[in-house]
Protein chains: 2
Amino acid sequence: MGDVFKALADPTRRALLDELQERDDQTLFELCTRLLHRGFSSSRQAVSQHLDVLEQAGLVRRRREGRYTFHSLDTSPLKAITDRWRTGP
Amino acid sequence: MGDVFKALADPTRRALLDELQERDDQTLFELCTRLLHRGFSSSRQAVSQHLDVLEQAGLVRRRREGRYTFHSLDTSPLKAITDRWRTGP
DNA sequence: TGGACAGGCAAGTGAGGACTTGCGTATCGT
DNA sequence: ACGATACGCAAGTCCTCACTTGCCTGTCCA
């Protein structure tokens with residue numbers, strides 16, 4: 001299992017999580033074009049590598065269908081963050 | 001205000017937050033020796049620079065008293081993380 | 001079945017980050 | 001007052017990471 005904290009360190013990866021929260025099950029090209037509308041000018045390969053990191057961190061799941069690869073969000077690893085440094089009961 | 005996510009990306013900085021949660025208001029030397037017991041062999045300057053990053057992220061507050069500098073934990077910036085990608089109510 | 005589309009793989013490059021090194025400053029004890 | 005302590009500052013080194021470049025594989029449509 002990869003590092004969840006390092007996965008969240010990059011602003012482009014956080015924007016990808018934002019995008020997947022608005023609309024789940026998006027392909028790589030969909031995510032690329034939608035990132036452009038958010039002001040991120042990332043190439044296809046760059047976005048693909050970011051999704052690799054997010055997948056290794058357990059934050060994104062990949063599902064291959066034909067020539068499309070759909071990506072879905074999984075926010076369960078984020079619970080460990082606030083559970084680790086608990087502010088109140 | 002610095003980047004909270006980048007501050008959490010380093011394992012040494014996370015260990016510093018762990019240490020401050022166990023015992024608040026520690027000096028730099030206290031944190032250095034306690035990190036050694038956790039297996040982190042970081043120099044004094046390295047720990048000081050890590051605390052700089054944590055302070056800029058709003059996770060650590062510094063208070064100078066004489067020749068000692070006490071560090072205290074502030075976990076309030078962590079709320080923004082789970083609030084951003086909300087899993088359930 | 002040829003070509004366009006969607007995506008993967010791997011080496012190379014450039015910038016930022018973690019750490020060191022060396023020196024300087026202020027504070028406390030004796 | 002002198003040395004030891006606790007810490008800050010700044011330049012330099014090394015290494016990780018994000019991104020590019022180039023090429024390859026597999027899938028759908030006409």
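Here is how names work: the chains are called A, B, and so on, in the same order as the sequence lines, proteins then strands, and each is numbered from 1. Here the structure is a predicted model, which means the values were calculated and not measured.
Rounding to whole angstrom units, CG of residue A/Leu8 and P of D/dA18 are separated by 12 Å. Between A/Gln45 atom CD and C/dT13 atom C1' there is a gap of 15 Å when expressed in whole angstrom units. One interatomic measurement links the two molecules: CZ of A/Arg14 to C1' of D/dA18, which rounds to 14 Å at whole-angstrom precision. Atom CZ in A/Arg64 sits about 8 Å away from atom P in C/dG7, given to the nearest Å. Rounded to an integer number of Å, the gap from A/His71 NE2 to C/dA6 P is 14 Å. Nucleotide D/dC17 holds its P atom 11 Å from the CD atom of A/Gln56, rounded to whole Å. Rounded to whole Å, the distance from CZ on B/Phe29 to P on C/dT27 is 17 Å. Atom C1' of nucleotide C/dT25 and atom OH of B/Tyr68 are separated by 16 Å, given to the nearest angstrom.
Contact between the side-chain N/O atoms of A/Ser43 and the OP1/OP2 oxygens of D/dT20 is found at a separation under 4.0 Å. For the pair B/Ser48 and D/dC7, the criterion of a side-chain N or O lying under 4.0 Å from OP1 or OP2 is not met.
For A/Arg44, whose side chain is taken as the heavy atoms from C-beta onward, the closest listed nucleotide among C/dG8, C/dT20, C/dA6 is C/dG8. With D/dA4, C/dA18, C/dG7 as the candidates, the nucleotide lying closest to the side chain of A/Leu28 is C/dG7. If you check C/dG17, D/dC19, D/dA18 against the side chain of B/Lys6, the one that comes closest is C/dG17. Of the candidates C/dA6, D/dG8, D/dA18, D/dA18 carries the atom nearest the A/His50 side chain, counting heavy atoms from C-beta on.
Within 4.0 Å of A/Thr27, counting heavy atoms only, lie sugar-phosphate atoms of the nucleic acid but no base atom.
In terms of modelled atom types and a separation under 3.5 Å, the side chain of B/Asp3 and the main chain of B/Ala57 share no donor-acceptor contact.
Rounded to the nearest 0.5 angstrom, B/Arg84 CZ and A/Leu8 CG are separated by 9.0 Å. In this structure, OG on A/Ser76 lies 8.0 Å from CG on A/Leu59, to the nearest 0.5 angstrom.
For the side chain to side chain donor-acceptor pair (under 3.5 Å) criterion with B/His71, the lone passing option out of B/Arg61, B/Glu19, B/Glu55, B/Arg62 is B/Arg62.
Of the two residues near DNA chain D, B/Arg62 and A/Gln49, the one whose nearest nucleotide lies more 5' is B/Arg62.
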Go through the steps for B/Arg14 and A/Phe5 under the test side-chain contact (heavy atoms from CB on, under 4.5 Å), then give the verdict.
CA-CA 10 Å; B/Arg14 291 189 296 247; A/Phe5 299 96; 3.0 Å; yes
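A/Arg67 contributes a side-chain N or O that forms a donor-acceptor pair with the base of C/dC5 under 3.5 Å. No hydrogens or angles were tested; on distance alone, nothing pairs the side chain of A/Glu65 with the base of D/dT27 as donor and acceptor under 3.5 Å.
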